[in-house]
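Only heavy atoms go into these numbers, but all of them, side chains included; no hydrogens, no water, no symmetry mates. Protein chains get the first letters and strands the later ones, always in sequence-line order, with residue 1 at the start of each. Note that this is a predicted model, so its numbers are computed, not measured.
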Number of protein chains: 2
Amino acid sequence: MARSAEPKEPAPGRAPAPPHGRTPSVKDVAASAGVSLGTVSNVLNKPAAVSAATRERVERAMAELGFVRNESARQLRAGTSRTLAYVMLDGGNPFFHDVARGIESGAEDADLSLFICNSDGRAAREAKHLDRLVQQRVQGILITPVDPSASHLREIGRRGIPLVMVDRLGGTGDCCSVAVDDVLGGRIAIEHLTDRGHERVAFVGGPESIGQVRERLLGARQVWSELGRDAADLIHLPTEALTVAEGRGAGERLAGLPARRRPTAVFCANDLLALGLLQQATAIGMRVPEDLAIVGYDDIEFAAAAAVPLTSVRQPREELGRTAARLVLAEAGDPAHRHEQACFVPELVARASTAAVRHPARKR
Amino acid sequence: MARSAEPKEPAPGRAPAPPHGRTPSVKDVAASAGVSLGTVSNVLNKPAAVSAATRERVERAMAELGFVRNESARQLRAGTSRTLAYVMLDGGNPFFHDVARGIESGAEDADLSLFICNSDGRAAREAKHLDRLVQQRVQGILITPVDPSASHLREIGRRGIPLVMVDRLGGTGDCCSVAVDDVLGGRIAIEHLTDRGHERVAFVGGPESIGQVRERLLGARQVWSELGRDAADLIHLPTEALTVAEGRGAGERLAGLPARRRPTAVFCANDLLALGLLQQATAIGMRVPEDLAIVGYDDIEFAAAAAVPLTSVRQPREELGRTAARLVLAEAGDPAHRHEQACFVPELVARASTAAVRHPARKR
DNA sequence: GATCCTATCTGAAACATTTCAACGCCCCGC
DNA sequence: GCGGGGCGTTGAAATGTTTCAGATAGGATC
């Protein structure tokens, strides 16, 4: 019954089979190398304090036994883990994955692992994730919250766990945050469209409970009124969510408008909406950009990959993530840390979906 | 200097400020409730063994102190963590996120957390992630490996950590795996195209070092020869990777073919390629499906959202993930576990990109 | 009243690591 | 020969939890 080594397979790697059942600990290594366990610990943590000969002996023992540090024990002693966590809002939106990638790169630099969670827009899930993360004693939490003012967020802060809001403004300033200037994003989108000669534009997006949506719309309206345009010519087509399906729905409603009122361009609150809208528009035979120009938001990879490449407002996603990681680490390192609100500037990426065309209405 | 409670903010939540610096432990709770720490532990782990009165007292103490279990300590004692991990191959491909969602749902059922890592197709990154996961003593590892035969994978197995390959066949059977029948997938894609009357078809995909690519191509060729078609009419357009950019490149090469040799349909090894190809085809004025029919693979959300909705071979992604989670848990629970190779059946989802059109070549 | 049982609670041990005061040792300078 | 100071090493303490053998008490049964 004893688990014998398979004779067929003569140790393919370097590490031999584990000594016996249990995975070896520092104690085993110490015994095998004939040193105290404090010395083994020193080899791991301050190798300079150990003589070369001893160090080598210990290292050989570790290799022979296939020793691997037990991170739980280390954490227990240290009081905190070597892990950051990012709780993202919508796992179906590539935007957040790009942000996550930025965070990961920041975490990597500090030699930390990154725990990625997905709240899927549901407060209960978010709370559950946060609960777990607190139990894990993560070193810091990055989050794009369902509701930035939720009580479970303040709870985290009260516990003294560094927390950074990502892509949301920290509001009252009781935590760090990184965000992009959404009002400005709305402005440049509309400026781009008016530059292209559009006089009747729709803003597609909702619900307005989402700060981003509110601000992008606000920016749009600001420019519109500054240009002295009639507010009635900037239509708001609300959606229930920022998804492809909702974008299609908005496309249908757009098509249903009487020709007089129908806009020649739309500005969508994100790229998913824009892609859905583009699809619907194409399906009913509208040409983009000739009949309808479209501007999206986020500049996700699929925006550039659309059949008609999508003009979009790009956010510096990875940098957003990297900065967030930097802030959370700064807060973790320095107790006297002042909360910081980083705000990035969005940038318009013009593509075919708003290419300059002599507009039919003007041409004739 | 003492950190006094802010007078402005009269305890917004229920939990009062932590007692003093340190986060409270079971010992603190025990002291505060006037019981032994064993009892506190029982309240947490086997509440039935504690009298109602005591339990309530302890629970009140926990609430008052804002006690949160320390997961590291729990893990240390238990010898293993309450965490699964998924190392995905390509964070930029929504397919893997859907798989991850399935895994998460499986993990959720077992009340485990899921650690999501991204190897980004790089073996070194993958090895680093695995290293960390072993240090964390995760309960099991799910992985879509860069190279299924890599030595660091066998290492994991030798350590006795349950490992399940996702979307890859376990090959020699020395670990569990879940996969989808890619040969069959290739077959149904080609059958669909030949049903639609196409007589010259291209397979776009590569590199062939990827098992999926090889098998989908194999399935395609099988059907082709079974139908008695000339092998020269099933062109293989190789790509360097399964990305949108490579899809665009393939589109260019396709357009460059002399009209006689140009296929009327393509079967792409995944949806990213198909989307890139669709974009390029549209850009140069080819109509889809009239001039070129396209079949993708994976049926990611963006396939349905494309301007011309993409016909695609759907894999049961979430189920793949859920099954993988189930297998890894089975292996973790039962040491005498027999490795299992789960194989799912793909399914064709027909959309506009291969809609039946009277094909020009036949019409005239 | 002794015995047994059950329900409840206790205290110490164990888990793997890091830290730290202390120790032995050797060499240097006096 | 002795004090002093590095250097390298040691052993014990501490971290927060779970587990488990025992302790205690309160009934019920004989």
Side-chain angles (χ1 to χ4, degrees), chain A residues 18-19 21-59 61-62 65-83 132 134-139 159, chain B residues 18-19 21-59 61-62 65-83 132 134-139 159:
Chain A
R22 213 167 42 76
T23 72
S25 73
V26 272
K27 207 185 292 181
D28 299 318
V29 174
S32 161
V35 298
S36 84
L37 92 192
T39 300
V40 178
S41 173
N42 281 337
V43 170
L44 288 169
N45 302 300
K46 21 184 118 149
V50 182
S51 74
T54 316
R55 193 182 333 141
E56 202 185 322
R57 205 142 39 88
V58 171
E59 277 165 354
M62 292 204 281
L65 271 62
F67 169 79
V68 177
R69 251 203 194 101
N70 184 324
E71 186 64 22
S72 321
R74 198 229 269 255
Q75 280 178 30
L76 177 57
R77 186 66 236 262
T80 178
S81 73
R82 306 198 48 70
T83 312
R132 273 202 229 263
V134 176
Q135 288 191 17
Q136 312 245 19
R137 303 289 193 271
V138 292
Q139 211 160 87
R159 278 232 148 62
Chain B
R22 213 168 41 75
T23 72
S25 74
V26 272
K27 207 184 291 181
D28 300 319
V29 174
S32 162
V35 296
S36 85
L37 92 192
T39 301
V40 178
S41 173
N42 281 336
V43 170
L44 289 169
N45 301 300
K46 23 185 114 149
V50 181
S51 75
T54 318
R55 191 180 338 139
E56 201 184 324
R57 204 143 38 89
V58 171
E59 277 166 353
M62 293 203 281
L65 271 61
F67 167 79
V68 178
R69 252 204 193 99
N70 183 326
E71 187 63 23
S72 319
R74 202 229 269 252
Q75 279 178 31
L76 177 58
R77 186 65 235 263
T80 179
S81 73
R82 306 195 50 70
T83 312
R132 273 203 229 263
V134 176
Q135 287 192 18
Q136 311 245 19
R137 302 289 193 272
V138 293
Q139 210 160 89
R159 277 232 149 64

Interatomic distance, A:L44 CG vs C:dT19 C1' [rounded to whole Å]: 14 Å
Counting heavy atoms from C-beta on, name the nucleotide in D:dA13, D:dT10, D:dG8 closest to the side chain of A:R77. D:dA13
Distance in angstrom units between B:N45 CG and D:dT18 P, rounded: 4 Å
With nearest nucleotide decided by heavy atoms, which residue, B:L37 or B:R137, maps closer to the 5′ end of DNA chain C? B:L37
Whole angstrom is fine here: how far is it from NZ in A:K27 over to C1' in C:dT18? 14 Å
Here the distance between atom C1' of D:dT15 and atom CD of A:E71, to the nearest Å, is 14 Å
Calculate the interatomic distance between B:Q75 atom CD and C:dA14 atom P; express it in whole Å. 22 Å
A:K46 NZ - C:dT19 C1' separation (whole Å): 7 Å
Tell me the interatomic distance from B:N42, atom CG, to C:dG11, atom P, rounded to whole angstroms. 14 Å
Any donor-acceptor pair under 3.5 Å from A:R57 side chain to A:A33 backbone: yes
Tell me if a side-chain donor or acceptor on B:R137 pairs with a main-chain N or O of B:S81 at a distance below 3.5 Å. no
Ignoring the backbone of A:S36, work out which of D:dG11, C:dT17, D:dG16 is nearest its side chain. D:dG11
For A:S51, answer base if it contacts any base atom (sugar-phosphate contacts may also be present), sugar-phosphate if it contacts only those atoms, and nothing otherwise; contact means non-hydrogen atoms under 4.0 Å. sugar-phosphate
Under 4.0 Å from OP1 or OP2 of D:dT17: is there any side-chain N or O of B:N70 that close? no
If you compare every side-chain N and O of B:T39 against the phosphate oxygens of C:dC9 (OP1, OP2), does one of them come in below 4.0 Å? no
Side chain A:Q139, main chain A:T83, donor-acceptor under 3.5 Å: no
Without swapping roles, check the side chain of B:N45 against the backbone of B:N42 for a donor-acceptor pair under 3.5 Å. no
Atom CG of B:L76 and atom C1' of C:dA16 are separated, to the nearest Å, by 5 Å
Backbone of B:Q136 reached by a side-chain donor or acceptor of A:R69 within 3.5 Å: no
Is any side-chain nitrogen or oxygen of B:R69 closer than 4.0 Å to OP1 or OP2 of D:dT18? yes
Nucleotide nearest A:V50 when distance is taken to its side chain, options D:dT9, C:dA16, D:dG11: D:dT9
Remember a base hit wins even if backbone is also touched, and classify A:V68 as base, sugar-phosphate or nothing at under 4.0 Å, heavy atoms. sugar-phosphate
Toward the 5' end of DNA chain C, by each residue's nearest nucleotide, A:F67 or B:T54: B:T54
